[in-house]
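Have a look at the structure below, then the notes.
Remember, it's 1-based here, ligands and their atoms both numbered in the order they're listed. As a basis for the values below, the full set of heavy atoms in this structure was taken, side chains included, without hydrogen atoms, waters or symmetry mates. Not measured: the values here are computed from a predicted model.
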Amino acid sequence: MTRTAIIGGGISGLTLALLLRDKGHSVRVFEASDQPGGAIRTTRSPDGWMAEWGPNTIIESSGRIKRLVSMLDLEERRRYTDHAAKKRYIVRDGRMVAVPGSAGGLLSTPLLSTSAKLSILREPFRRRSRNDHDETLADFVRRRLGDEFLKWPIDALVGGIYAGDPERLSVRHAFPRLALLEEQHGSLILGQIKGGVRRPPGSEEIPRNKAEIFSFDEGLQVLPDTISSRLGDAVSFQSPVKKITTVNGNTATGETADRSQRWRVHVNDPLEPPQDFDVLIYAGTSYGLSGIDFPETLVPLLTPVTEIPHPPVISFTMGFRRSDIAHPLDGFGMLIPGIEGFPILGTLFTSTLFPNRAPDDGHVTLTTYMGGSRQPEIAGMLEEEQAAMVVSSLRKLLGLSGEPRFRHRILWSRAIPQYETGFIRYLTVMDRAEQEHPGFYLAGNYRTGISVGDTINAAFDLAERIHQEES
Ligand SMILES: Cc1cc2nc3c(=O)[nH]c(=O)nc-3n(C[C@H](O)[C@H](O)[C@H](O)COP(=O)(O)OP(=O)(O)OC[C@H]3O[C@@H](n4cnc5c(N)ncnc54)[C@H](O)[C@@H]3O)c2cc1C
């Protein structure tokens with residue numbers, strides 16, 4: 001039986017552990033903190049408010065995500081977002097404008113000027129990029145759709161997804177679908193009309209416009225909690241891995257005698273003796289690699305990966321009396337482009353998405369994000385100053401009149417990995433680290449996509465690859 005160690009009990013590490021155990025591996029997850037889930041964590045207050053620390057929703061962008069939920073018998077507890085939450089708003093000239101849902105709506109929307117709309121109509125006639133360079137998202141959008149499309153919808157979207165900067169993100173790495181639409185169809189608009197990016201045969205991908213969005217009855221933490229309880233004592237909490245060494249010979253139970261090198265995992269606990277494994281998967285954060293003493297052949301390959309930028313993000317969930325907000329909150333939320341000059345990136349109408357986030361119909365919750373690459377300095381301000389900036393923005397944008405009745409705030413000093421231009425250099429060293437060190441694998445949101453759905457999807461791919469390579 002292959003003995004497999006997984007460092008990190010976020011959704012990447014837990015999903016890998018579950019899938020590899022199902023494939024016959026003996027797995028052990030080492031998690032530094034005292035609970036599973038990494039960025040996924042939910043708080044419920046005794047008086048009925050619920051707040052997510054990190055992600056609020058998962059996009060069901062693949063049949064594999066459905067499969068994971070059903071493997072865990074969680075279908076009954078899954079909650080799809082209310083259809084009332086389909087509408088999305090972007091702020092333009094200080095006002096909330098609904099994002100048009102159709103081509104007709106695009107022509108009449110006040111979100112864009114007439115010249116920007118004409119520029120979109122010309123998009124299919126623009127030539128595709130002739131050179132192969134790693135283009136920023138901003139250059140790509142300016143080239144295909146024009147500057148105004150970049151400054152409002154795209155800047156808003158990038159703030160909402162990456163808390164990032166379109167002038168720095170790589171279109172190929174951060175938004176591969178956009179790059180592929182141009183590559184395969186010569187045009188984003190024609191590509192969409194023709195059914196989007198071509199999917200490889202057998203792909204379980206669900207197109208974004210058809211994918212449902214969900215959480216669970218008690219919030220997203222239900223997912224890592226359930227995986228962790230299925231894994232039982234295969235998951236060790238408060239077990240930060242400090243050192244990895246290699247040893248020759250088989251592991252204690254090693255029947256896979258064809259490879260002589262094994263991985264020895266040292267945990268920062270004097271009572272826990274080092275343990276040997278056939279396979280080692282690092283599923284922590286990219287910056288966390290610097291906290292582990294790796295064998296010297298791995299150090300030059302992993303050190304660059306620790307430099308992937310992660311700007312800070314502050315997440316505020318606030319509860320209000322429904323009657324204190326003038327806006328109907330009839331949608332998913334609002335995104336705010338940098339050019340609008342607000343100190344917030346956007347706000348999710350969290351209790352419209354999932355009504356059980358607030359104690360009753362008379363109350364609502366809103367989750368607001370601040371900081372990111374756009375305004376990292378906000379992370380250094382006092383919590384009270386940050387809260388005041390959120391409330392004042394909500395007063396202007398949503399017609400808020402009262403004060404928050406509930407408040408939950410979390411500062412992620414390193415929130416989301418930025419797939420900026422030049423990202424290929426990280427991917428190259430990660431590939432080399434694996435090729436030159438059989439039995440060693442790297443997994444997580446710093447490599448294969450930042451959404452929870454991406455990490456689950458990547459875990460399915462990696463579990464299959466490890467099973468093929470290690471059996
Ligand atoms: C504020 C915020 C909002 C987000 N919103 C969304 C959203 O709405 N939808 C969405 O799809 N995604 C969202 N994301 C992104 C998504 O949550 C993450 O990309 C994803 O959860 C990452 O999972 P992971 O397992 O790869 O890494 P992590 O969740 O970071 O887990 C890594 C784990 O490894 C552990 N670890 C690290 N080093 C060691 C060590 N040496 N020894 C032992 N353990 C170690 C850590 O303690 C941690 O538990 C959001 C993220 C943030 C921060």
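The part of Tyr282 lying near ligand 1 is the side chain, judged by heavy-atom distances below 4.0 Å. At a heavy-atom cutoff of 4.0 Å, ligand 1 is contacted by the side chain of Ile292 but not by its backbone.
Remark: ligand 1 and Gly284 share no N or O pair separated by less than 3.5 Å (distance only, no angle test). Checking only distances, Val452 does come within under 3.5 Å of ligand 1, N or O to N or O. For ligand 1, the polar-atom distance check against Thr455 finds no nitrogen or oxygen pair separated by under 3.5 Å. On a distance-only criterion, Ser12 and ligand 1 share at least one N/O pair closer than 3.5 Å.
With hydrogens left out, the protein atom closest to atom 35 (C) of ligand 1 is Glu31 OE1, 3.3 Å, a heavy atom. Nearest protein neighbour of atom 41 (N) of ligand 1, counting heavy atoms only, is Val241 O, 3.2 Å. Nearest protein heavy-atom neighbour of atom 9 (N) of ligand 1: Thr57 O, 3.1 Å. The protein heavy-atom contact nearest to atom 13 (C) of ligand 1 is Pro55 CB, 3.5 Å.
A tilted orientation is assigned to the rings of Phe423 and His173, their planes being inclined by 30° to 60°.
For CZ of Arg432, the number of neighbouring non-hydrogen atoms (other residues, nucleotides, ligands) closer than 6.0 Å is 12 at most.
Aromatic pair Trp49/His408: ring centres not closer than 6.0 Å. Centroid-to-centroid, the aromatic rings of Phe349 and Phe354 stay 6.0 Å apart or farther. Annotation: His310 is in aromatic contact with Tyr287 [ring centroid separation under 6.0 Å].
With sequence neighbours left out, the side-chain hydrogen bond (donor to acceptor under 3.5 Å, both in side chains) criterion links Asn209 to no other residue.
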- Item | Test salt bridge (Lys or Arg N to Asp or Glu O under 4.0 Å) applied to Arg41 and Glu52, step by step | CA-CA 6 Å; Arg41 187 161 178 171; Glu52 295 288 359; over 6 Å; no
